[in-house]
Amino acid sequence: MEFNHMNLYDILDSSGENKLKHWLSPYLNQQELDQFNNELLRFFSKEGISERLSFLNPDVVLGEVETINKKYEDFYNLKLDGKVKLNLYMHIALMIERLMVHNTGKIEVELESAKEKAFFEITKSIFQPIELKYNIKISTYEISLLYELFKQFI
């Protein structure tokens, strides 16, 4: 099997991930391939998050965001590609710090559809441990931003 080159960012979308798995499949089993992809995503996420966070520990926040994303994937039975996960990792990590610093929990928006209202309830449940740990409140505005990121998949 010949391997010429691949843009690292392309590895994060499903077609690039499949190509990489195909190239590495003679050397790694499925579990090792999945672990390798998760480590690449974690590396890219940590680098991006580290550059933008002011005071939260990127390792701690990244672990918490991974848990949040996993809960969404499990609840909605999703398999998000690396680019979407990277976007969510960045958004959620920065949202947590933003809420701690600026306390935007008072900004409210009107939830319009039943689907959006259901997402709101699920999100409140998923984020409850984060709200307690960091003493923040996830506003409907923040949830509406998350909904915009997720709505194409749910």
Side-chain angles (χ1 to χ4, degrees), residues 6-25 28-101 104-105 109 111 113-154:
M6 179 178 246
N7 181 321
L8 287 176
Y9 194 63
D10 291 340
I11 292 171
L12 297 176
D13 68 26
S14 56
S15 63
E17 183 179 333
N18 289 336
K19 230 186 253 186
L20 184 65
K21 282 183 177 182
H22 176 73
W23 287 329
L24 294 176
S25 62
L28 302 172
N29 64 36
Q30 185 61 46
Q31 183 180 1
E32 292 169 328
L33 287 168
D34 290 342
Q35 184 177 353
F36 178 73
N37 279 339
N38 287 336
E39 289 299 319
L40 277 176
L41 178 61
R42 193 172 223 294
F43 173 76
F44 290 140
S45 300
K46 184 178 176 186
E47 288 302 308
I49 290 169
S50 296
E51 292 175 4
R52 290 169 179 85
L53 289 177
S54 299
F55 63 86
L56 288 177
N57 181 328
D59 289 317
V60 173
V61 172
L62 188 56
E64 292 166 342
V65 173
E66 284 175 337
T67 300
I68 289 168
N69 283 345
K70 178 85 172 96
K71 287 179 181 180
Y72 279 118
E73 283 184 315
D74 291 347
F75 184 84
Y76 286 110
N77 196 25
L78 301 172
K79 174 74 171 102
L80 301 171
D81 72 25
K83 285 184 180 176
V84 172
K85 285 183 182 179
L86 181 63
N87 189 15
L88 287 168
Y89 285 1
M90 297 291 285
H91 177 83
I92 294 170
L94 296 173
M95 177 188 76
I96 292 168
E97 187 168 274
R98 181 174 63 249
L99 288 171
M100 292 178 70
V101 173
T104 59
V109 296
L111 302 174
S113 68
K115 192 175 178 182
E116 197 172 0
K117 289 175 184 171
F119 182 83
F120 174 86
E121 294 302 322
I122 292 155
T123 299
K124 289 300 284 181
S125 170
I126 288 173
F127 275 91
Q128 184 180 25
I130 297 297
E131 287 180 320
L132 293 171
K133 179 177 181 176
Y134 292 107
N135 193 29
I136 58 175
K137 181 182 182 302
I138 310 295
S139 67
T140 54
Y141 172 73
E142 294 291 350
I143 294 172
S144 72
L145 295 176
L146 284 170
Y147 180 73
E148 289 301 315
L149 294 171
F150 272 105
K151 74 179 179 183
Q152 64 183 321
F153 305 108
I154 57 176

Undergrad: Taking all atoms of both residues into account, what is the closest heavy-atom pair of L53 and L56, and its distance?
TA: CD1-O, 3.8 Å
Undergrad: Taking the side chain as every heavy atom from C-beta outward, state whether L149 and Y72 have any atom pair closer than 4.5 Å.
TA: no
Undergrad: Is a donor on one side and an acceptor on the other found under 3.5 Å between the side chain of E73 and the backbone of L80?
TA: yes
Undergrad: Report, as yes or no, whether the 6.0 Å neighbourhood of atom CG on D74 holds more than 12 heavy atoms from other residues, nucleotides or ligands.
TA: yes
Undergrad: Would you say N29 has more than 12 foreign heavy atoms packed within less than 6.0 Å of its CG?
TA: yes
Undergrad: How many angstroms lie between atom CG of L94 and atom CG of L99, to the nearest 0.5 angstrom?
TA: 11.0 Å
Undergrad: Is it the case that more than 12 heavy atoms not belonging to K19 sit under 6.0 Å from its NZ atom?
TA: no
Undergrad: In this structure, which one of V61, L62, L145, I68 forms a side-chain contact (heavy atoms from CB on, under 4.5 Å) with I92?
TA: I68
Undergrad: Are the side chain of S125 and the backbone N or O of E121 linked by a donor-acceptor pair below 3.5 Å?
TA: no
Undergrad: Applying salt bridge (Lys or Arg N to Asp or Glu O under 4.0 Å), run through K124 and E131 and close with a yes or a no.
TA: CA-CA 9 Å; K124 289 300 284 181; E131 287 180 320; 3.1 Å; yes
Undergrad: Do the side chains of D34 and K21 get nearer than 4.5 Å, heavy atoms only?
TA: yes
Undergrad: Is the closest side-chain heavy-atom distance between S113 and Y147 below 4.5 Å?
TA: yes
Undergrad: What distance do L146 atom CG and Y141 atom OH have between them, rounded to the nearest 0.5 Å?
TA: 11.0 Å
Undergrad: Could you check V65 against L88 for side-chain contact (heavy atoms from CB on, under 4.5 Å), going step by step and ending with a plain yes or no?
TA: CA-CA 8 Å; V65 173; L88 287 168; 5.8 Å; no
Undergrad: Between E64 and V60, is there a side-chain heavy-atom distance shorter than 4.5 Å?
TA: yes
Undergrad: Could you pull out the closest heavy-atom pair between I122 and F75, with the gap in Å?
TA: CD1-CE2, 2.9 Å
Undergrad: Any side-chain to backbone donor/acceptor pair from K115 onto I154? Under 3.5 Å, distance only.
TA: yes
Undergrad: When you measure from the side chain of E142 to the backbone N and O of M95, does any donor-acceptor pair fall under 3.5 Å?
TA: no
Undergrad: Should F153 and V84 count as side-chain neighbours, where that means a heavy-atom distance under 4.5 Å?
TA: yes
Undergrad: Over all heavy atoms of both residues, which pair between E116 and S144 is shortest? Give the atoms and the distance, please.
TA: OE2-CB, 4.1 Å
Undergrad: Flag the pair Y134 / I96 as yes when at least one side-chain heavy-atom distance between them is below 4.5 Å, and no otherwise.
TA: yes
Undergrad: Can you confirm whether Q31 is buried at CD, in the sense that more than 12 heavy atoms of other residues, nucleotides or ligands lie under 6.0 Å from that atom?
TA: no
Undergrad: Once the angle between the rings of F119 and F150 is folded into 0 to 90°, is it parallel (under 30°), tilted (30 to 60°) or perpendicular (over 60°)?
TA: tilted
Undergrad: Do you know the tightest heavy-atom contact between F55 and E97?
TA: N-OE1, 3.0 Å
